[in-house]
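Here's the structure we're looking at; comments come further down.
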Amino acid sequence: MIDFLFNTTLGFFILTLLKAFALLVPLLMCVAYLTYAERKVLGAMQMRKGPNVVGPFGLFQPFADAIKMLMKETIIPSGANPVLFLLAPMLTFGLAMIAWAVIPVNDGWAIADINVGVLYLFAISSLGVYGVIISGWASNSKYPFLGALRSAAQMVSYEVSMGFVMVCVLLCVGSLNLNKIVMAQQTIWFCIPLFPMFVIFFISTLAETNRAPFDIPEGESEIVAGFFLEYSAMAFALFFLGEYANMILMASMTTILFLGGWLPPFGIPTPSWMGPIWFILKDCVVLFFFLWTRATFPRYRYDQLMRLGWKVFLPFSLFYLVLVAGVLLAFGWLPHAA
Amino acid sequence: MNWTLAIPEIVLSCCGMAILLYGVLSRGNAFFMSSMLSVGALLLTGVLVLSTDAGSGFFGLFITDAFSAYIKLTILVAAALSIVMALGYAEHANMQRFEFPVLILLCSVGMLVMASASSLMTLYMGIELMSLSIYVLAAFARDDLRSSEAGLKYFVLGALASGLLLYGISLVYGFAGSMSFDALGAALADPKKVSAGLVTGIVFIVAGLAFKISAVPFHMWTPDVYEGAPTPVTAFMGTAPKVAAMALLVRSLAGPFSDLLGQWQQLIILVSIASMLLGSLAAIGQSNIKRLMAYSSIGHMGYALIGLAAGTPAGIRGVLIYLVTYVFMNSGTFACIIAMRRRGRAVEGIADLGGLSKTDPGLALALAIFMFSMAGIPPFSGFWGKYFIFSAAVAQGMWPIAVIGVLTSVIGAYYYVRIIKVMYFDNAEPAFDARPASLSFVAAASCIFTTFFFLFPAPLVAAADAAARALLG
Amino acid sequence: MIAALAFYLFAAILIGSAVMVVTARNPVHSVLFLILGFFNAAALFLLAGAEFLAMILVIVYVGAVAVLFLFVVMMLDINFAQMREGFQRYAPVGATVGAMLLLELGIVLGGWKFAPDAANFRFAPRIAELENTAHLGQLLYTDYILLFQLSGLVLLVAMIGAIVLTLRDRGPSRRQIIARQIARKASETMVMVDAPIGTGVGAADYLHPIPEAAEKPDTHEHAHAGHGGH
């Protein structure tokens with residue numbers, strides 16, 4: 001059996017499928033409970049209880065929501081482009097899932113340990129905008145379209161500085177492989193020497209995932225619900241799941257790039273099976289920051305958002321990139337220095 | 001790597017960026033100061049060009065020799081003259097902006113790189129840097145419909161030409177296995193190995209370059225773009241980029257492809273004859289002086305190509321001398337054209353020059369000298385340029401093309417002399433506005449060169465000779 | 001076997017989507033097919049072992065360029081029926097030119113033979129022990145540094161051009177000055193007044209803004225410097 005799985009082509013396919021299954025099922029559970037956690041955390045911060053009716057402490061609330069979504073009718077507006085209208089949520093959800101193929105949760109525990117892992121993640125996250133644009137356009141409706149346009153500009157803008165942040169990390173590591181990036185943080189997590197980049201990265205991930213305070217693409221007080229205004233039932237659920245899966249993905253990226261991935265803090269000697277636990281704990285901390293931000297900050301205005309991206313983050317991250325490269329070169333710390 | 005060979009280019013681009021920063025950060029209008037700084041940067045670069053050693057750098061992508069130095073100095077002078085001329089192009093909406101000299105500087109960087117290209121990739125990058133700047137410059141007067149049209153037209157056609165060029169480069173790379181001129185020369189030394197694909201590639205490269213020098217049949221854009229673009233830009237387009245593209249054509253054909261002379265000679269001869277004919281015939285009917293200059297430049301490029309077609313050091317020397325005389329004649333003529341303003345508005349009709357000899361004898365005399373020189377009438381420099389080229393062609397036994405050249409010169413003389421006739425014998429039109437000192441300076445400097453070249457030709461001829469020998473060995 | 005199958009699959013989709021880009025009636029669909037084409041090209045790169053190029057293709061072309069394409073195409077209200085009006089009329093000419101080009105290319109390809117010496121001149125021989133990315137970095141930043149920097153200049157010119165040709169100074173408009181907003185203290189703008197319990201706040205002053213002290217927006221500071229001349 002083992003031999004079949006590891007040595008034949010068909011076996012390889014089956015093995016990969018099994019791996020994907022083993023990753024995605026817990027992931028979807030996490031997504032479900034992230035929505036629960038968000039409501040609980042926001043509730044606590046606003047001095048109210050949050051969901052507490054369905055099941056003990058409201059723990060079954062996510063499933064109740066899911067069933068409700070499943071039962072509802074998928075409405076396709078009469079003026080909409082049905083194919084693209086339905087394609088958009090699938091795209092959003094699918095992209096949020098396939099990005100996970102390269103995320104290592106422990107040393108070597110990734111479905112695909114590829115050489116250009118960071119670029120793959122960056123590529124997938126830069127595709128996220130298509131779900132939004134297509135949904136906005138295919139809905140054939142004013143507010144979704146406005147939301148889509150806002151989102152397109154916003155995500156493209158923040159990707160630029162995100163790219164520079166990643167390049168900073170890559171300079172320190174000398175590889176695009178996610179496994180190597182984590183292993184390079186054995187002496188010190190990158191969030192310490194690259195602290196400003198860490199902050200910029202975190203804020204950019206907020207913008208990439210359309211989270212508060214950068215949730216202007218959906219800004220419910222101005223353009224109702226933005227790009228998913230016309231969606232209902234499962235189509236909406238897919239957007240919803242995709243958004244939360246993306247949050248977890250971005251949290252994982254932050255963990256891998258800056259918080260040492262599965263490595264224990266302060267070099268505490270722990271058995272290697274503890275790796276995923278550390279990883280999840282760090283993810284949870286980052287996610288808590290996501291929720292905390294949402295509870296704390298009012299929504300940015302559109303021009304402020306653009307100003308922040310292009311006039312503050314971009315020059316600063318460019319400057320820091322040059323600084324990092326200069327320091328590495330001056331002290332001879334460049335990896336692969338030949 | 002030998003990067004020090006590129007110091008003139010590096011210094012010039014750094015100066016360009018510094019002037020850009022200065023312009024952005026300064027309050028008020030920085031046009032005059034940045035123009036002056038740009039002229040200074042060009043002069044500095046000229047000095048650096050003179051003090052750069054000959055050699056090959058950047059892993060064979062870049063070469064400096066007497067040829068590149070000669071071309072670079074010509075380009076720098078032409079660019080500086082254009083910037084000075086633009087100073088006198090007063091108060092046209094949107095023209096007095098600091099980006100103008102900066103773009104000319106960056107364009108010059110591209111042209112310098114073209115002069116030093118020793119690989120097809122460097123060639124392409126240089127051309128793109130140059131062209132992109134000129135596209136923007138052509139549309140610089142953005143509120144003027146004709147200028148925008150000129151920019152767009154030039155951009156679309158230029159992009160097509162770039163595509164042709166790239167296609168040719170890829171074919172040559174595929175069939176010869178290299179893009180560096182040295183390696184190409186070595187690979188093509190044996191004409192038996194030359195395949196149809198390679199020749200197709202060379203044809204495409206020549207087509208792309210012929211577009212840049214606006215030789216027939218790739219000249220369609222020239223009259224419209226010359227007419228529509230702001231006049232200082234037209235003056236610039238008519239001089240420096242032509243020199244750079246011609247230099248590139250010479251370097252690539254006489255360099256790596258020199259052993260394929262038989263393959264490209266007929267092509268160049270054909271283009272040359274077509275350009276001379278069209279340049280002289282189509283110009284006859286023009287009433288707009290900028291359009292006339294466009295056709296004139298097409299014809300002049302045709303003459304210059306004769307020298308290249310000869311394929312000898314003497315021919316190349318002829319081309320080089322011709323280019324320098326052409327730069328001065330053209331700059332001077334355009335300085336006169338920019339000076340054609342009545343009550344603050346530019347006029348471009350040939351008829352507007354009527355009786356200029358009475359209202360402004362100085363300007364009329366300068367323009368007359370340039371026209372005589374363009375027509376190739378001795379003792380002006382234009383005659384000597386043609387003389388060197390025709391004699392090189394005759395020495396190679398290329399009688400027919402030399403005869404065609406002389407005949408088209410005679411036809412061309414008709415419309416050049418017609419302008420002189422309008423200025424001296426027609427009824428006087430109202431006088432032009434007083435012209436700025438910068439225009440008088442450019443016109444006078446060009447006039448002095450054009451008139452007195454025959455007294456001191458030795459330095460230029462010697463330099464051109466050295467440059468031609470550096471290329472053909 | 002699988003690689004070959006994958007190649008033909010991706011290549012077929014690539015060509016199919018390329019055809020759809022030109023023939024699709026709706027411009028938005030055209031752009032979406034273009035994106036599909038980019039993806040398949042990236043997949044072909046992957047099959048050829050150029051993983052870095054594949055990722056960069058997706059990031060740059062799909063993630064940035066095509067987004068802006070889509071953005072613009074969605075915003076423009078193009079009447080494509082009108083644009084295609086001339087199509088019928090010019091089709092024969094276009095077809096003739098196309099056919100001639102095809103014929104010429106056929107003739108060229110008929111005489112196809114690689115130069116035997118070509119292999120000796122390979123610019124970028126593959127170094128086995130280097131990763132794809134490191135290898136590309138070596139080529140770009142060391143061997144071709146000149147061309148790399150020149151490309152930078154080309155982009156700079158493009159940027160200057162875009163600004164010169166499109167930026168219009170809106171004149172004395174009031175803009176947000178973040179620094180001034182942040183520097184402002186509550187005490188400068190607000191007056192706190194005690195409101196005793198039980199009496200409520202009087203009609204007049206319980207919390208009111210200080211009237212702005214004739215503070216004119218400093219327009220000159222924000223007018224794009226250097227463009228003052230027009």
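Naming convention: chains lettered A, B, ... in sequence-line order (proteins, then strands); numbering from 1 in each chain.
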Can you tell me how far [atom2] of [Y] sits from [atom1] of [X], rounded to the nearest 0.5 angstrom?
X	Y	atom1	atom2	result
B/Leu105	C/Leu153	CG	CG	11.5 Å
C/Gln149	B/Phe58	CD	CZ	9.0 Å
C/Leu165	B/Leu152	CG	CG	10.5 Å
C/Leu139	B/Phe59	CG	CZ	10.5 Å

Under a 4.5 Å heavy-atom cut-off, does chain C meet the side chain of [X], its backbone, both or neither?
X	result
B/Leu20	side chain
B/Leu106	side chain
B/Leu132	both
B/Met17	side chain
B/Val199	neither

Identify the two heavy atoms, one from [X] and one from [Y], that lie closest to each other, and give their separation to 0.1 Å.
X	Y	value
C/Val164	B/Arg97	O-NH1, 3.2 Å
B/Met125	C/Val154	CE-CG2, 4.0 Å
C/Leu147	B/Thr122	CD2-CA, 3.7 Å

- prompt: Does B/Phe155 CZ have over 12 foreign heavy atoms under 6.0 Å away?
  reply: no
message: Is it the case that over 12 heavy atoms from other parts of the model lie below 6.0 angstrom from the CG atom of B/Leu145?
response: no
field: Heavy-atom check, side chain of B/Val136 versus side chain of C/Ile160, under 4.5 Å
entry: no
task: Side chain from CB out, backbone as N, CA, C, O: work out which of these in C/Leu155 comes under 4.5 Å of a heavy atom of chain B, or both, or neither.
output: neither
task: Please determine, among C/Leu150, C/Ile145, C/Leu146, the option with the most heavy-atom pairs under 4.5 Å with chain B.
output: C/Leu146
